[in-house]
Each structure stands twice: as C-alpha cells, then as structure tokens.
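What follows is a set of notes on a single structure, which appears directly below.
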Amino acid sequence: MWTSIITEAINNKQLIELAYAQEVRLVKPHVLGCKNTKLELLAWQLKNSSEVALTNDWRTFELQKITNIVVKTQTFLGMRATKSNAHPGWTQIIAKIS
C-alpha cells in the first residue's frame, strides 16, 4: 500500500512522517525491500511524538504496521556514513538511497 509513496520519497530524498506503533515518527527513508516475505523500510529516525529514547537512530519498520505516511517537502543529502549501506537479510531491494 505504501510502496510507491516510500519509493518516491527515497528517490527524491524527502523526509517522511509516518504513524507506526501509536507514534508519529519523522524519518529519512533509506531502503525499501523484503526480508523473506515482509515488506520493510530501513530509515534514520529523527524524532517521534513522545520524544522518548527513539530518536536519531536506525529503525526498521514493517509496512503492514504503518497506518499513515506524509511525505514532507524537506529533503536530505542522501546516504549516511554507517549501516545503511549494509543490507543483511534483504531478499529483495525495491528502492534504496543513492
């Protein structure tokens, strides 16, 4: 359901705000793909609605658990120096930051 929206945000290097696990999170999307049969997003999380220890770190989000996405006009530079270039466990990559 969110595949095309996330792919476009990755390609345009746009921040996305997503609702996940009853929190609103602001993230830089880096990789959209499958791990076995699950569609997942790997993103650098900037903040969440409660601001409790879930910020400024890598997060993986299962697409089936995302309840809303808003693509922001704000962009980011691209790849981070660590971790996002490694894709362990991905069985298929649909989109990734370049």
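How far CG of L26 is from CG of L46: 5.0 Å, rounded to the nearest 0.5 Å. Interatomic distance, T67 OG1 to Q22 CD, rounded to the nearest 0.5 Å: 9.0 Å. Distance check: L77 CG to K28 NZ gives 7.0 Å after rounding to the nearest 0.5 Å.
Taking the side chain as every heavy atom from C-beta outward, F61 and E40 never approach each other to under 4.5 Å. Using a 4.5 Å cut-off on side-chain heavy atoms (C-beta onward), L32 and W2 make no contact. Considering only heavy atoms from C-beta on, W44 comes within 4.5 Å of D57 through its side chain.
The heavy-atom pair separating L39 from C34 by the smallest distance is CD2-SG, 3.7 Å.
Taking the six-membered ring where tryptophan is involved, the planes of H30 and F76 are tilted, since the angle between them lies from 30° to 60°.
One hydrophobic cluster holds both V27 and I93 under the rule that ILVMFWY side chains link at heavy-atom gaps under 4.5 Å.
Here the side chain of Y20 pairs a donor or acceptor atom with the backbone of E62 at under 3.5 angstrom.
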Residues 4-19 side chain polar contacts: donor-acceptor under 3.5 Å, at least two apart:
unit_1	atom_1	unit_2	atom_2	d
T7	OG1	T3	O	2.8
N11	ND2	T7	O	3.3
N12	ND2	E8	O	3.2
N12	ND2	Q14	OE1	3.4
K13	NZ	S98	O	3.4
Q14	NE2	K72	O	2.9

Given side-chain contact (heavy atoms from CB on, under 4.5 Å), test T60 with L41 step by step and report yes or no.
CA-CA 6 Å; T60 301; L41 169 66; over 6 Å; no
